[in-house]
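Below is one structure, written out as structure tokens; the observations come after it.
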Amino acid sequence: MNENILIVDDDKEIVDAIEFYLKPEGFNVLKAYDGIDAIETLIDNNVDLVIMDVMMPNLDGLKATLKIRENNNIPIILLSSKNQDIDKILGLNMGADDYITKPFNPLELIARVKSQLRRFINLNSNSSNKNINDSNVLKSGGLSLNKDTKVVSLDGEVIKVTPIEYKILEFLLLNKGIVFSSTEIYENAWDDIAYNCEKTVAVHVRRIREKIEINPKEPKYLKVVWGIGYKIEDIK
């Protein structure tokens, strides 16, 4: 396995505890104790996934997530003792891919780490030996997703998306014009059983709209069908 996991928490005992569970799974562990330390570690090291506490001194986990997202699409799992929906939504809006509340089951954390890495590594694997062909390019109007290069573009301009955003777009573009519920989208993109997933999916849809729509309030591509779900319009 040998993926590099960055653990960021101002509580050294929590960092050490997470490391204790990660290492037997074959992961390499890097440690940081605030957001500034985390960003510096990312600059100096190849990191495949970040596990980061929200409440930290100097630079908290939310602001650090925003900073990381300026240049990096690696999976970010936020940890927090705050368990209200508004806190989770805020974290996801800031750019996190997952949100786990404390205290957490270490086995669940490991499972979520592996799930995020499967998607991230698959989306960013070297595709130079593949034969790129038009059948692997999904389009709706000016929106394009290349399944070989894992690149999303709008009118020829590359759009930076996270692994989850890519999976949602790929699923909907493969089924243009078909409306899918939040549950169907969640189970496809997260590869997990959906449970109270409506707000989580809505947050990611909102983030995608902000990236691909000229006016997110009047979307051209990614539309909601109230009371049913979401779809990508089939635009020729």
Side-chain angles (χ1 to χ4, degrees), residues 65-76 89-98 115-191 194 197-236:
T65 296
L66 277 177
K67 190 68 177 175
I68 292 170
R69 280 289 173 254
E70 290 178 3
N71 301 297
N72 205 315
N73 282 332
I74 60 173
I76 299 175
I89 291 170
L90 179 60
L92 294 170
N93 270 327
M94 290 291 194
D97 295 287
D98 205 348
S115 176
Q116 290 293 337
L117 283 172
R118 279 197 303 270
R119 284 189 289 271
F120 180 69
I121 292 171
N122 179 59
L123 295 183
N124 293 276
S125 61
N126 186 350
S127 60
S128 60
N129 293 325
K130 298 179 181 178
N131 294 320
I132 298 174
N133 56 70
D134 290 340
S135 65
N136 283 333
V137 178
L138 309 177
K139 291 184 177 181
S140 176
L143 179 63
S144 175
L145 181 149
N146 191 309
K147 294 171 64 179
D148 287 309
T149 61
K150 310 303 180 185
V151 170
V152 175
S153 60
L154 181 65
D155 297 327
E157 182 179 346
V158 174
I159 304 296
K160 291 185 177 180
V161 296
T162 67
I164 287 293
E165 292 166 358
Y166 178 94
K167 288 289 289 183
I168 292 173
L169 281 170
E170 181 184 39
F171 177 59
L172 294 178
L173 278 166
L174 280 168
N175 301 278
K176 289 180 293 185
I178 300 175
V179 181
F180 290 95
S181 67
S182 295
T183 296
E184 292 170 317
I185 292 172
Y186 186 94
E187 291 181 346
N188 180 275
W190 275 263
D191 191 25
C197 65
E198 289 79 9
K199 292 181 180 179
T200 298
V201 172
V203 166
H204 283 81
V205 167
R206 188 182 311 125
R207 282 164 46 184
I208 294 171
R209 278 179 168 173
E210 290 171 353
K211 296 178 180 182
I212 69 172
E213 303 286 359
I214 295 176
N215 182 358
K217 293 183 179 180
E218 297 181 6
K220 175 181 178 181
Y221 298 103
L222 181 47
K223 295 190 175 183
V224 60
V225 179
W226 296 110
I228 303 177
Y230 305 92
K231 67 174 180 176
I232 289 283
E233 288 284 22
D234 188 2
I235 302 172
K236 304 300 183 182

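What you see below is based on every heavy atom in this structure, not just the backbone, and it leaves out hydrogens, waters and symmetry mates.
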query = Is the side chain of E187 donor-acceptor paired with the backbone N or O of E184 at a distance under 3.5 Å, no angle test?
reply = no
query = Does the side-chain contact (heavy atoms from CB on, under 4.5 Å) test come out yes or no for I168 and Y186, once each step is laid out?
reply = CA-CA 8 Å; I168 292 173; Y186 186 94; over 6 Å; no
ask   = In Å and rounded to the nearest 0.5 Å, what is the CG to CG distance from D98 to L92?
value = 7.5 Å
task = Indicate yes or no for a side-chain donor-acceptor contact from N146 to the backbone of V137 under 3.5 Å, with no hydrogens or angles considered.
result = no
ask   = Between V201 and S182, what is the shortest heavy-atom contact and its length?
value = CG2-O, 3.6 Å
ask   = Would you say V158 and V152 make side-chain contact, with heavy atoms under 4.5 Å?
value = no
request  = Compare every heavy atom of A96 with every heavy atom of T65, then report the nearest pair and how far apart it is.
outcome  = CG2-N, 3.8 Å
task = Give a yes or no on whether the backbone of K147 and the side-chain of K150 come within a donor-acceptor separation of less than 3.5 Å.
result = yes
query = What closest approach, in Å, do A189 and I164 show between heavy atoms, and which atom pair accounts for it?
reply = O-CD1, 3.7 Å
remark   = In this structure, NZ of K167 is separated from CD1 of I185 (nearest 0.5 Å) by 13.0 Å
request  = Report the relative orientation of the aromatic rings in F180 and F171; use parallel for angles under 30°, tilted for 30 to 60°, perpendicular for over 60°.
outcome  = tilted
message = Quick one, N73 with Y166, criterion side-chain contact (heavy atoms from CB on, under 4.5 Å). Give me CA distance, side-chain angles, the key distance, then yes/no.
response = CA-CA 11 Å; N73 282 332; Y166 178 94; over 6 Å; no
note = Minimal heavy-atom distance between P163 and D97, with the atoms involved, is CD-OD1, 4.2 Å
CG-CG distance between L138 and L143, expressed to the nearest 0.5 angstrom = 9.5 Å
query = Would you call E70 and K67 a salt bridge, taking side-chain N to carboxylate O under 4.0 Å as the test?
reply = yes
query = How many angstroms lie between atom CZ of R207 and atom CD of E210, to the nearest 0.5 angstrom?
reply = 9.0 Å
Which donor-acceptor pairs under 3.5 Å do side chains of residues 217-233 form with protein atoms, sequence neighbours excluded?
from: Y221; atom 1: OH; to: G142; atom 2: N; distance (Å): 3.1
from: K223; atom 1: NZ; to: E233; atom 2: OE2; distance (Å): 3.3

remark   = Rounded to the nearest 0.5 angstrom, the CG-CD1 distance for L145 and I159 is 11.5 Å
task = Please answer whether the main-chain N or O of E165 pairs with a side-chain N or O of T162 as donor and acceptor at a distance below 3.5 Å.
result = yes
ask   = If you take all heavy atoms of L154 and K211, which pair is closest and at what distance?
value = CD2-O, 4.5 Å
note = Here the pair of heavy atoms bringing I89 nearest to K199 is CD1-CD, 3.9 Å
query = So, the side chain of R69 versus the backbone of I74: is there a donor-acceptor pair under 3.5 Å, distance only?
reply = yes
message = Quick check for you: to the nearest 0.5 Å, what is the distance between D191 atom CG and Q116 atom CD?
response = 10.5 Å
